[in-house]
Visitor: 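Handing you this structure, nothing more for now.
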Amino acid sequence: LLSFLTYAHCDLYQVNDQIGVGRRFDGIGGLSGGSATSKLLIAYPDQQRNEILDYLFKPKFGASLQILKVEIGGDAQASDATEASHMHVEWEENYQRGYEWWLMKEAKKRNPNIQLYGLPWAFPGWLGHGTQNPYYDRQKLANYIYKWIWGAKVYHNLTIDYIGIWNEQNCDLQYIMVLRDILDRNGFMNTKIVATDSWWSAISDIELYAEVTAAVDALGVHYPGVLSPDSAINSGKQLWSSEDYSSFNDEVGGGCWARILNQNYVKGLMTSTIAWNLIDSFYQALPWDRDSLMTAREPVEWQLYSHTTQLSEIGWRYLPHDHGVGMLNQGGSYVTLVSPDLSHLTIVIEAMSHNHSLCIRPKLPWYTVTTQNVTFVLTGSFSKISQLFIWQSTLTFNGTTPTYFKSLGTVPVINGQVTIIIQPDQIISLTTLNDATHGEYLQPPPSAPFPLPFIENFEDYPVSSEPYTMAPQQGSYDVVDVGGEHGKVMRQMVLQTPIAWCSGTLNYNGTLNVVGSFNWTDITISTDILLGGVNASDGAFIGVRINNGGCTTYAAMGLFFFTYPNDGRFSLTSDVLGKNVIVSGRESGVIVPGWNTLTLSVKGTVATGICNGVELFSVLVPSFPANGFAGVGTDIYGYADFDNIQITNAA
Ligand code: 147
C-alpha cells in the first residue's frame with residue numbers, strides 16, 4: 001500500500017506548448033428543442049425568468065453557455081410537444097411563432113458572442129408532397145431552411161452561425177450541396193453546416209465525397225460515448241458531440257456531464273459538446289423528465305458547466321495530448337485550454353467515479369478512481385505562471401450537500417509545478433483567469449401546483465404567438481385574430497400529416513393540445529369551438545384525465561368529448577383516437593354549424609357532457625386513467641378555432 005501511495009504522489013503531467021497547440025475549442029452548449037423543452041419558460045414571472053436566463057447565458061456567472069442550439073420547428077412532436085414551423089403551409093411564412101426566437105434573443109442580450117445553431121427534427125407535410133421524405137424536392141427544402149435563417153436575421157437581427165441537416169435521420173448528401181449553394185448565393189456564406197447530427201456511421205458516408213466534405217464545417221455526432229473513429233479524426237474537420245448528456249439531472253447526471261465534457265476531447269478529440277436539453281420547462285409526466293442541464297424548479301448541475309465555460313472562450317486551443325490533455329493515472333481526466341496568444345491557461349480536471357457518472361447512453365465500461373495527488377509541470381510559454389486560481393465542485397452521494405463551482409483562492413506554482421489533491425467525484429479547475437464568479441440569486445419561491453381556475457380568452461397574446469401554457473402534443477396552435485365577438489382565438493394550423501421525427505406520430509392523424517397538471521382528477525373544462533370554412537377539421541374535442549403525450553400521443557387514454565358540427569354527431573371516448581366509445585349520439589338541433597360551447601365535467605366515475613347549455617350525456621366512465629392533463633384537439637389535421645377555455649375543479 002505504501003509504495004502505491006508513493007507512486008500516487010509522483011503523478012506528473014506535463015503542460016506545455018513544446019509541440020504547439022491542439023485543436024480549436026468550439027464551445028459548450030445547450031439544446032432547446034427536439035422538442036419543446038423550453039415551452040413553459042416564457043410563462044414564468046419576469047424576475048424568475050430573468051434569473052434563469054442569467055444562470056444559463058450570462059458570461060462569468062453561471063452555466064455561461066457558449067452555444068445555443070435550437071430546433072427549427074416542424075409542426076410535429078419530437079419529444080415533449082410540437083414546435084411551430086415558420087411555414088405551416090407552402091403559401092405563407094411567419095417569423096413570430098413559438099419561443100425559440102425569443103430565447104435566442106435573450107441569450108444574445110446576455111452574451112453577444114454566443115453561437116446559434118439551428119436544426120430541424122420534423123417538417124411540415126407539404127415539403128414531402130405526401131411522402132415522408134423531406135428531400136423529395138431538395139431545392140424546396142433548402143429554400144425552407146434558408147428562409148428560417150433569413151427570417152432570423154430580418155425579423156430578429158439574429159445571425160445563425162451553424163445549421164444542421166435532419167436530426168438523427170437520413171442525411172442526403174446532394175441536399176448538403178444544395179443547401180450550401182443557396183446559403184452562399186443569398187449572402188449567408190458564414191453560416192456553417194454541421195453534419196449529420198446522427199451517428200458516426202452516417203458520417204463515414206460524407207467522407208466518401210470530397211465536395212460534400214468541403215461543404216461541411218463540422219462533423220456532429222450524437223451520444224458518442226466520448227469516442228471517435230480514426231476516419232473522423234483524420235478527416236481534417238472539427239468533430240462535435242452535437243447532442244449528448246440527456247441524463248436525469250441529479251448528481252449522477254452531473255457526474256456524467258463533468259466526465260463527458262473533458263473526455264469528449266481527451267478520448268474523442270471533440271471540440272464542442274451540446275447537452276440535450278437546455279432546461280426542463282415542459283410539463284412533468286411528459287417523456288424525459290429532468291433530462292436537462294437545469295430544471296426551472298431546481299437548478300442543479302448547470303454549475304458544472306462553469307468549470308469550462310467561465311474559464312475559456314470559443315477559439316481557445318486545447319493543448320496536445322500528453323502536453324496538457326490526458327487521463328489521470330488513478331482515474332479521471334484533464335484538459336488544458338489556452339488563449340490564442342498563450343497568455344492564459346485553464347486546466348479542467350475531473351475524477352468522476354463510474355457509478356456516479358453514468359449517462360443515459362451509451363453503456364459506460366467499468367473503471368476505478370481513487371484519491372490522487374496530481375502535479376502539473378508547466379513549461380514552455382507557461383513556465384512564468386506563478387499562481388493559479390482554483391475552483392472546485394464536490395459531488396457527495398452520501399447525503400451531505402455537494403458544493404458547486406466554489407472558489408478556493410489561489411495555489412502557488414513552485415519551480416513550474418503545481419500540485420493538487422483530487423478525490424473521487426470532484427471537479428477542479430486551475431486557471432490564470434481571475435474573473436469567474438459563482439453567480440447566485442436568492443432562493444426562488446417554492447414550486448406550486450398549476451393554479452385553478454384556468455381561464456384563457458387569448459386576448460393578451462400577440463397574434464401568431466403560441467399560448468404559453470398550452471403544450472401541443474400533435475398539431476400546432478397559433479393565436480389568430482378573427483375579430484368580432486371572439487377577437488383573438490387559438491387556431492389549430494396544421495393541414496396535413498407532418499414529416500415525422502418519431503414514427504409514433506403517424507399512428508394518429510389528429511391533434512391534441514394539453515394544459516395543466518398530470519395530477520388532475522375531477523375537472524370541468526369548457527371551451528368555445530368553431531369548425532368551418534376551407535380546410536377545417538371535421539370534429540374537435542375537449543378532454544380531461546389525458547394520460548399520455550410525446551411520441552406516443554396516439555396511445556393517450558382519458559375522457560374525450562368529440563363533436564362534429566357538420567352533422568350534429570357527438571361522442572365520449574376513452575382514447576384520443578376516438579375508437580373506444582363510451583356514449584355517442586346525434587343532436588343536430590343542439591350542435592350547430594358555427595361556434596359551439598362544449599363542457600365536460602368529470603367527477604369520480606361520472607362524466608357529464610353539455611353543448612350550448614344542453615346536457616348530451618351523463619354516464620359512468622372507466623376508473624382508468626384516474627388523472628391526467630386537460631386538453632383540446634381535432635379529429636384530423638385541419639383548422640379549428642378554440643376560445644374561452646375555462647378549467648375548474650369539478651363541482
Ligand atoms: C434524442 C433526440 O434527438 C432528442 O430530441 C431527445 O428525444 C433525446 C432524449 O434522450 O434523444 O434521440 C435519441 C434517441 C435514441 C437514441 C439516441 C438519441 N439511441 O437509442 O441511441
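The analysis underlying the following values was restricted to heavy atoms, covering all of them including side chains, and did not include hydrogens, waters or symmetry mates. Order of listing sets the numbers, starting from 1, for every ligand and every atom in it.
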Visitor: Any idea which atoms of ligand 1 are less than 4.0 Å away from a heavy-atom of W276?
Guide: 4 (C), 5 (O), 6 (C), 8 (C), 9 (C)
Visitor: Would K105 count as a cation-pi partner of W102, with NZ or CZ less than 6.0 Å from the six-membered ring centre and within 45° of the ring normal?
Guide: no
Visitor: Take atom OH of Y367 as the centre, draw a 6.0 Å sphere, and report whether it contains more than 12 heavy atoms from other residues, nucleotides or ligands.
Guide: yes
Visitor: Looking at W199, which atoms of ligand 1 are within less than 4.0 Å of one of its heavy atoms?
Guide: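 Counting atoms of ligand 1 from 1, those under 4.0 Å from W199 are 17 (C), 18 (C).
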Visitor: Determine whether the side chains of D80 and W288 contain a donor N or O and an acceptor N or O closer than 3.5 Å.
Guide: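 No, because no side-chain N or O of D80 sits under 3.5 Å from a partner of the opposite role on W288.
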Visitor: Can a non-hydrogen atom of N167 be found less than 4.0 Å from any atom of ligand 1?
Guide: yes
Visitor: Report, in ascending order of atom number, the atoms of ligand 1 lying under 4.0 Å from any heavy atom of W501.
Guide: 2 (C), 3 (O), 7 (O), 12 (O)
Visitor: Heavy atoms only: which of E168, E71, H222 lies closest to atom 18 (C) of ligand 1?
Guide: E168
Visitor: Using a 4.0 Å cut-off to any heavy atom of S79, which atoms of ligand 1 qualify?
Guide: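 Contacts of ligand 1 toward S79, numbered from 1: 5 (O), 6 (C), 7 (O).
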Visitor: Please list, in number order, the atoms of ligand 1 under 4.0 Å from a heavy atom of S246.
Guide: 9 (C), 10 (O)
Visitor: Among protein heavy atoms, which lies nearest atom 8 (C) of ligand 1, and at what distance?
Guide: E243 OE2, 3.6 Å
Visitor: Classify the angle between the aromatic ring planes of H356 and F397 as parallel (below 30°), tilted (30 to 60°) or perpendicular (above 60°).
Guide: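 Plane angle under 30°, so parallel.
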Visitor: Considering only NZ, NE, NH1 and NH2 on the basic side and carboxylate oxygens on the acidic side, decide whether E92 and R97 come within less than 4.0 Å.
Guide: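 Judged by the 4.0 Å cut-off on N to carboxylate O distance, E92 and R97 do form a salt bridge.
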Visitor: Looking at F282, does the NZ or CZ of K39 lie under 6.0 angstrom from its six-membered ring centre and within 45 degrees of the ring axis?
Guide: no
Visitor: Among protein heavy atoms, which lies nearest atom 5 (O) of ligand 1, and at what distance?
Guide: G34 O, 2.4 Å
Visitor: Identify the protein heavy atom lying closest to atom 19 (N) of ligand 1, giving its residue, its atom name and the separation to 0.1 Å.
Guide: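 That would be R361 NE, 3.5 Å.
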Visitor: Indicate the ring-plane relationship of F629 and Y283, choosing parallel, tilted or perpendicular according to the 30° and 60° boundaries.
Guide: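 Rings of F629 and Y283: tilted, 30 to 60°.
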